[in-house]
Amino acid sequence: MNPVDKVSEITLMNTEMFIVLSPILLLSFGIVLSLLLIAWQRSQKIIALFSQLILVFTLLLSMHLLSSGILSGAGVQITPLLKVDQFSYLSLSLICLSALAVISLSKQVLKSQVEVHDEYYLLILLVILGAAILVASDHFASMFLGFELLSISLVGLVGYFREQKYAVETGFKYLILSACASSFMLLGIAFIYSQTGNLSFAINSATAPWHSAPLQLFNSIGVLLLFSGIAFKLSLAPFHFWAPDVYQGAPTPITLLMATVSKIAMFTVLMKCCFAQGYYQNDHFIDVIIAVALLSMFIGNTLALKQQNIKRLMAYSSIAHFGYLLIVLVISAEQSIGFAWRSALFYLTAYLLANVAIFSIVITYEQYFSQNSTEREVCLNDWQAMFWQHRAQAVLLVFSILSLAGIPLTMGFVGKFYLFNQAVISQSWWLITGLVIGSGIGLAYYLPIIFTVFKVNSSAATHITKDNAIKAPKIFIIFLIIISFYFGVFPDSLSQYLL
Amino acid sequence: MSLLASLPLYPLISFLVLITFGKRLNWAIASWLSVGSMAAAALCSLFLANQLSLHESSVITAHLWQWFSIGSAEVNISFYLDALSAVMILVVTGVGFLIHLFAAIYMKDDENFSRFMAYMNLFIVAMLVLVLADNLVLLYLGWEGVGLCSFLLIGFWYQERNNVLAARKAFIVTRIGDTAMAVGLFLLFKSLASLNIAEINQLAQTTASFTASSINAKNSEAYWAALLLLGGAVGKSAQLPLQTWLPDAMAGPTPVSALIHAATMVTAGVYLIARMNGVFLMTPEVMNYVAWLGGITLLTAGLAALAQNDIKRVLAYSTMSQIGYMMLALGAGAWSAGVFHLMTHAFFKALLFLTAGTVILALHHQQDLYKMGGLLKKLPVEATLFLIGLACLIALPGTSGFFSKEAIIASLWSSPTAGPSLWWCAILGALLTSIYSCRLFFLAFLGKQRFPKTRVISEHLETSKLLRGALFVLALLSIFGGLVTIDLSSLFLTYQPGIINRSNNPSWLHLVAIVTPFAGILFSWFYYKRYRILGYKPLRASQNPWVVFCRHGLGFDTLYATFLIKPYCFIAKLNRKDLFDQTLMLLAWYIGIWRDILSASQNGHLRWFAAAFGLSMVGLIFMVIL
């Protein structure tokens with residue numbers, strides 16, 4: 001497959017393009033440097049610090065580019081492969097933020113190990129690079145490249161602690177299913193190419209095939225296969241089966257990585273592709289999206305009921321959340337694309353903050369268990385009476401759960417409100433019904449978590465006293481609480497920035 | 001801050017201090033605080049009333065801050081003082097001060113003294129907000145506030161079941177009226193786009209769409225708004241058909257009965273109608289209803305008062321009947337007379353209640369008239385004071401009650417919305433008033449002593465000069481209060497030009513009105529002979545079915561219990577398991593089943609996952625193709 005289709009489109013990269021692409025270039029350069037660093041000295045502290053530095057610089061650079069105004073408007077095309085606009089870099093900022101959280105949490109987990117895990121950080125950086133390529137891609141080839149980079153690095157990470165109970169099993173599950181998804185996707189891309197003769201996202205939508213022939217079988221199937229590959233990564237029903245098992249079996253920081261970085265990147269590229277190709281004008285595709293969204297909302301929320309294992313519960317919850325998020329793809333006109341992007345990014349920010357908070361709490365409990373050499377998974381019962389023992393942590397947890405459930409004064413509510421608004425504008429009543437019912441079912445498993453946190457200690461609960469508890473850094477907790485509260489009360493301060 | 005704005009502040013501060021420190025305050029501090037704040041408020045009102053008569057525009061306003069705004073309409077916390085509200089604040093703070101003074105001594109030995117005084121202060125705050133409000137929302141705040149205080153004070157001795165039941169009844173019954181009133185406010189806002197009282201009264205005259213209606217006069221917005229406001233007034237002022245709570249409310253301490261259930265709160269309905277006169281004048285039909293409601297209430301309450309055994313219940317029914325007179329006056333368009341009667345009634349009814357309170361206390365909480373008798377010799381001062389109060393109630397010439405009641409009766413015959421039949425009602429009512437007053441006096445103060453000789457007069461009452469002082473001031477006000485003629489006629493709007501007076505007054509009207517009370521006294525002198533003559537055989541309450549029927553408030557309680565409460569409870573019982581809840585739980589059960597089915601699919605087998613992946617793909621492709 002030749003990534004460059006038309007010779008006339010080949011343009012040399014000029015200075016402006018280099019500047020615009022600099023965050024991704026910095027990231028790639030940083031990976032090479034960290035390889036050199038490993039060759040020079042193997043030290044866990046140094047490599048972790050170096051990875052964090054790279055991510056911080058990438059984050060600052062993309063923020064700077066966002067505020068500089070270079071990206072405003074239609075974005076900058078950098079070779080036919082990549083096209084960078086403000087939404088790409090907003091996603092990239094979110095990705096860097098969650099990657100930073102993942103690395104700081106990983107440091108806690110790896111501290112107890114004797115080995116030096118340089119490759120662990122390297123793999124995380126590769127995942128981020130894959131995600132960065134995904135959010136910047138404007139071409140099926142670059143998209144596939146990013147997708148594979150992300151998947152294969154993740155497979156390594158999922159099975160990383162190979163001596164642990166489920167590590168190998170989980171790694172294999174993820175590897176095989178991910179390969180399935182990649183192959184489906186590749187087949188879909190081939191079908192699309194066979195019909196359009198073009199691999200670029202930005203085809204002229206006026207000449208899009210569905211205008212001339214509404215039911216071109218190959219094209220429709222191609223789009224569907226492509227979508228199924230992405231839906232696998234987003235763990236949308238009915239491609240969700242792997243999610244709970246892999247979430248449960250993977251090391252918790254990696255679960256967070258999968259829940260946030262991989263999903264944010266995949267969703268961004270899905271939106272880019274859909275809006276550029278004009279899939280929203282295709283009724284069949286919209287029907288599929290609505291069906292998948294409804295299924296995800298229902299199945300995700302229903303399966304989460306009575307779930308005791310927190311990581312599995314988060315897997316199901318994330319299925320439902322990405323079901324809600326599919327609403328932004330169902331837009332009625334080209335004018336609402338901007339609003340769709342803003343809604344999606346706001347929702348993703350809320351989702352990201354809540355997930356980071358919850359997983360960091362899960363990790364503190366896991367650390368406690370492994371210290372007491374009773375290695376096991378964190379269950380809902382372990383959180384009994386948390387409020388009376390770790391006030392700040394419990395407040396953060398309650399806040400995040402409320403945000404996920406979409407209770408007013410949290411970001412989750414505002415995000416859900418934007419989605420609702422979007423669905424009303426596009427008049428997709430099925431999705432609104434699904435959103436309302438799904439949120440209703442959602443309360444049935446979110447609220448019990450809060451009840452548990454406040455429940456007075458019983459004999460079944462784990463007694464973690466102040467001395468032996470490993471706490472997430474207090475500043476980190478307070479920062480998360482303030483941020484999510486602030487954006488929940490003043491959503492405009494964030495959504496204005498998203499403009 | 002202006003003096004007007006500070007008026008409700010004094011009792012509010014006192015309330016806050018009392019409720020915060022509660023039992024930690026001793027009696028002296030608590031009573032100095034609460035009574036002192038009332039004295040300050042009373043002085044303040046006197047000064048304001050004096051200032052008002054000098055004021056050119058005859059209105060003082062105080063704008064504090066904007067509460068909220070709805071569209072273009074602003075709802076402010078601001079006070080509005082004109083002659084009508086000036087009369088009200090004088091009554092509320094003046095009579096209120098005297099009753100607080102009385103209460104401080106009367107309730108001295110109560111365990112929760114400071115809580116009691118705190119509630120009384122809070123009541124005064126709410127009442128002042130009610131009468132001073134310049135918009136209907138603020139008025140409603142005060143309206144609900146007095147309702148709350150009434151509830152708290154009726155149930156003040158909450159350890160006894162009956163008191164709590166009475167408090168609950170008062171709250172629920174008045175709440176029915178309040179709901180009607182709230183709907184009325186919404187309707188007014190909808191049709192006139194304003195909530196300011198002065199503006200509404202003006203707009204009601206000028207807005208054509210407000211009074212016009214497509215079908216008939218009974219369908220206009222003005223008609224419904226006035227009717228709904230009347231609903232609120234009827235609830236608060238214990239008029240037919242929401243009058244049943246007032247006699248039961250006598251379960252509260254006697255100062256409460258005097259302050260809330262005689263002098264101030266129950267007249268709030270009268271104030272409301274007088275305040276909204278612009279709206280009521282646009283609908284003569286509703287004015288007519290007001291008059292008839294008042295007329296019927298004063299007769300039924302008078303009949304019920306004739307048969308009561310309990311001294312406080314007699315006074316309660318009497319209050320109801322006197323408010324009936326005020327309503328009658330309002331309905332007849334005699335706004336000024338109605339408000340005048342409100343004032344004089346506050347004086348003499350407070351006097352009657354407080355005197356009754358001392359009598360009850362002297363007899364160790366004996367309220368049954370048939371167990372009193374011969375108190376004239378034992379308690380000569382109280383007997384005289386009570387007699388003064390009754391003379392005013394009967395409206396003997398020269399007393400304040402005479403002036404106000406005569407003013408009402410005189411306006412009825414020729415009024416376009418009242419008429420001769422209501423005039424006869426009022427005369428009959430006056431006759432009943434004098435008969436039940438005589439019966440009350442004879443039973444309590446004359447005749448044979450019907451209580452154990454040992455149980456007389458507790459000492460601290462005898463010595464308390466302050467207590468007597470409050471009663472004397474009230475007695476003076478009752479006698480001479482009528483000389484302060486208040487003329488509010490300039491304040492109220494008059495009828496539309498289309499409505500003319502029906503007929504001229506015949507010459508004999510005044511004579512009949514003046515003679516009627518004497519006829520009543522004469523009648524009872526002979527009819528109730530056995531009550532006043534010493535040594536008559538032991539008295540017992542009559543068991544005549546008609547008397548029992550009247551004693552129980554002419555069967556309204558039974559009526560409501562049968563036709564409203566029982567069916568309601570029946571329906572509530574039917575739905576005990578909550579049909580909606582059941583339906584929802586069914587849904588939850590259904591979802592639970594789905595959960596079980598779906599979690600079976602999460603079996604952890606890789607082969608199944610891969611197969612499901614492929615099958616789902618096939619399903620989606622079919623969905624596109626078909």
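Just so we're on the same page: letters track the sequence lines, and every chain starts at 1. Given the structure is predicted, the values throughout are model-derived calculations rather than measurements.
Chain B forms the most heavy-atom pairs under 4.5 Å with one residue out of A:Asp287, A:Leu224, A:Ile299, and that residue is A:Leu224. Comparing B:Leu615, B:Leu587, B:Ile591 by how many heavy-atom pairs each has under 4.5 Å with chain A, the most go to B:Ile591. Options B:Gly604, B:Ser599, B:Ser601 differ in how many heavy-atom pairs under 4.5 Å they form with chain A, and the most are formed by B:Gly604.
The number of heavy-atom neighbours closer than 6.0 Å to CZ of B:Phe171, taken from other residues, nucleotides and ligands shown, is above 12. Atom CH2 of B:Trp589 has 12 or fewer neighbouring heavy atoms from other residues, nucleotides or ligands inside a 6.0 Å radius. Residue-environment remark: CZ (B:Arg115) exceeds the threshold of 12 foreign heavy atoms within 6.0 Å. Atom CE of B:Met623 sits in a crowded spot, with more than 12 heavy atoms from other residues, nucleotides or ligands closer than 6.0 Å. The number of heavy atoms from other shown groups lying within 6.0 Å of CD (B:Glu160) does not exceed 12. Around atom CH2 of A:Trp430, no more than 12 heavy atoms belonging to other residues, nucleotides or ligands sit under 6.0 Å away. By the 6.0 Å contact criterion, CD on B:Glu111 is open, its count of non-hydrogen atoms from other residues, nucleotides or ligands being 12 or less.
Note that the CZ atom of B:Arg595 and the CD1 atom of A:Ile441 stand 12.5 Å from one another [nearest 0.5 Å]. Between the CZ atom in B:Phe613 and the NE2 atom in A:His240 there is a gap of 12.0 Å [rounded to 0.5 Å].
Only the side chain of A:Ile221 comes within less than 4.5 Å of a heavy atom of chain B; its backbone N, CA, C and O stay farther away. With a 4.5 Å cut-off on non-hydrogen atoms, A:Ala181 touches chain B through its backbone and its side chain both. Interface residue A:Phe184: only side-chain heavy atoms are found under 4.5 Å from chain B.
Between B:Trp608 and A:Phe241, the ring planes are perpendicular. Angles over 60° get that label, and only those under 30° would be called parallel.
A pairwise comparison of heavy atoms in A:Ser220 and B:Val624 identifies CB-CG1, 3.7 Å as the closest pair. Across all non-hydrogen atoms, the minimal contact from B:Leu606 to A:Phe172 is CD2-O, 4.5 Å.
Listed for the A:Thr302 side chain is no donor-acceptor partner under 3.5 Å among the backbone atoms of B:Trp594.
Under the rule for a salt bridge (Lys or Arg N to Asp or Glu O under 4.0 Å), the partners of A:Arg312 that lie at least two apart in sequence or sit in another chain are A:Asp245. Applying the side chain to side chain contact (heavy atoms under 4.5 Å, CB included) rule to B:Ser114 yields the partners B:Leu18, B:Ala30; only residues at least two apart in sequence or on another chain are considered.
Residues A:Val292 and B:Leu620 form a side-chain contact, since some pair of their non-hydrogen atoms from C-beta on lies under 4.5 Å apart.
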For the pair B:Gln602 and A:Tyr316, evaluate side chain to side chain contact (heavy atoms under 4.5 Å, CB included) and give the outcome as yes or no after the intermediate values. CA-CA 11 Å; B:Gln602 291 290 343; A:Tyr316 291 130; 3.4 Å; yes
